[in-house]
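Residue numbers begin at 1 in each chain, while the letters A, B, ... track the order of the sequences.
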Protein chains: 2
Amino acid sequence: MSDTVRCGPYVCGIDAALDVVSGKWKGLILWELVEHGTLRFAQLRRGLPGVSEKMLTQHLREMEQDGLVRRQVYAEVPPRVEYSLTEAGAALSAALEPLGDWGRERILREEIALVDHADASRMPRP
Amino acid sequence: MSDTVRCGPYVCGIDAALDVVSGKWKGLILWELVEHGTLRFAQLRRGLPGVSEKMLTQHLREMEQDGLVRRQVYAEVPPRVEYSLTEAGAALSAALEPLGDWGRERILREEIALVDHADASRMPRP
DNA sequence: CTGTATCCACAAGGATACTG
DNA sequence: CAGTATCCTTGTGGATACAG
């Protein structure tokens, strides 16, 4: 994979944090691990519908390098690998919660806006 | 620029929020506007060393579309445009604070790690 | 001063096949 | 099961020139 060098120098903490959670699936990976505690590769995969093996591996490796995720390999046949959050990962998830709240409110606003634009009367949301 | 359609459907709030702050300069733009309240294009530009006009415009337009930033145009010569945060933008900034704290701690951890790896003795940091 | 318009490089992401 | 390896497409960001 060579080394995807995560770069500084960061101007402020926001940068340093966003750098670590930017990536199409990282938010969801964090979320899954917070919810379930410990997950195997395939379980994680099922929790992230649409992710490719490559992307999942890549993101997990980066998050491991960044000290967010712990990777426990069991020398068995068939192989088993378990992923869980480190302390830093858990702290990050906690720090992400207000952001999640804001995001949920944003989703609500968006839906209202969408309805407004389309047709103010009724709109069956499937 | 055509339309960079910001896409849902979001699985959780984190997604919806990260979607809106992902972009090389968005974190900093938010930060600048929080600090200074209202800024003109050129002032913002000076606050983001290295940003190109194109990127700044692009990010500002997206953030405007996302309802984070207010764009006040004055019909003068020479032209003047002022940017400030909307309520949603301010709320987002507030929600970003814990993340910023986490990021600052991460920077500290990183520096320690860097020193450890390089040479545990002395290392003049320029 | 505040932007567009182009063109370009590179990295991120995706599809598919294969391996220990 | 848990990944690599490979190839390919797209998106993001940057340089430069020009315009209202």
**Study point:** Test salt bridge (Lys or Arg N to Asp or Glu O under 4.0 Å) applied to B:Glu62 and B:Lys26, step by step
**Key:** CA-CA 10 Å; B:Glu62 289 176 7; B:Lys26 291 195 181 170; 2.6 Å; yes

Practice item. Quickly, which of A:Leu85, A:Val20, A:Val34 forms a side-chain contact (heavy atoms from CB on, under 4.5 Å) with A:Leu92? Name it, please. Key: A:Val20

Exercise for review: Could you tell me, to 10°, how much the axis swings from one end of the helix from C:dC1-D:dG20 to C:dG20-D:dC1 to the other, five pairs per end?
Suggested key: 50°

Check your understanding: Hey, is the side chain of B:Trp25 poking within less than 4.0 Å of OP1 or OP2 on D:dG14, counting only N and O atoms?
Key -> yes

Exercise for review: Give one of base, sugar-phosphate or nothing for A:Tyr83, where a contact means two heavy atoms less than 4.0 Å apart.
Suggested key: sugar-phosphate

Check your understanding: According to a strict under-4.0 Å criterion, is A:Arg61 in side-chain N/O contact with OP1 or OP2 of D:dT4?
Key -> yes

Point to revise | Interatomic distance, B:Gln43 CD vs C:dT2 C1' [rounded to whole Å] | key: 13 Å

Exercise for review: Among the candidates C:dG3, D:dA2, D:dG14, find the nucleotide nearest to the side-chain atoms of B:Glu53.
Suggested key: C:dG3

**Study point:** side-chain N/O B:His59 vs D:dG13 OP1/OP2, d < 4.0 Å
**Key:** yes

Review point. Quick one: which of C:dC1, D:dA2, D:dG13 gets closest to the side chain of B:Ala42?
Key: C:dC1

Check your understanding: Between A:Glu82 and B:Gly23, who's closer to the 5' end of DNA chain D by nearest nucleotide?
Key -> A:Glu82

Review point. In whole Å, what is the span from the CZ atom of B:Arg45 to the P atom of C:dT4?
Key: 14 Å

Check your understanding: Does A:Lys54 have a side-chain nitrogen or oxygen under 4.0 Å from the phosphate oxygens OP1 or OP2 of D:dT6?
Key -> no

Review point. Does the side chain of B:Arg40 get closer than 4.0 angstrom to OP1 or OP2 of C:dC1 through an N or O atom?
Key: no

Exercise for review: Indicate, with a heavy-atom threshold strictly under 4.0 Å, whether A:Arg71 touches base, sugar-phosphate, or nothing.
Suggested key: sugar-phosphate

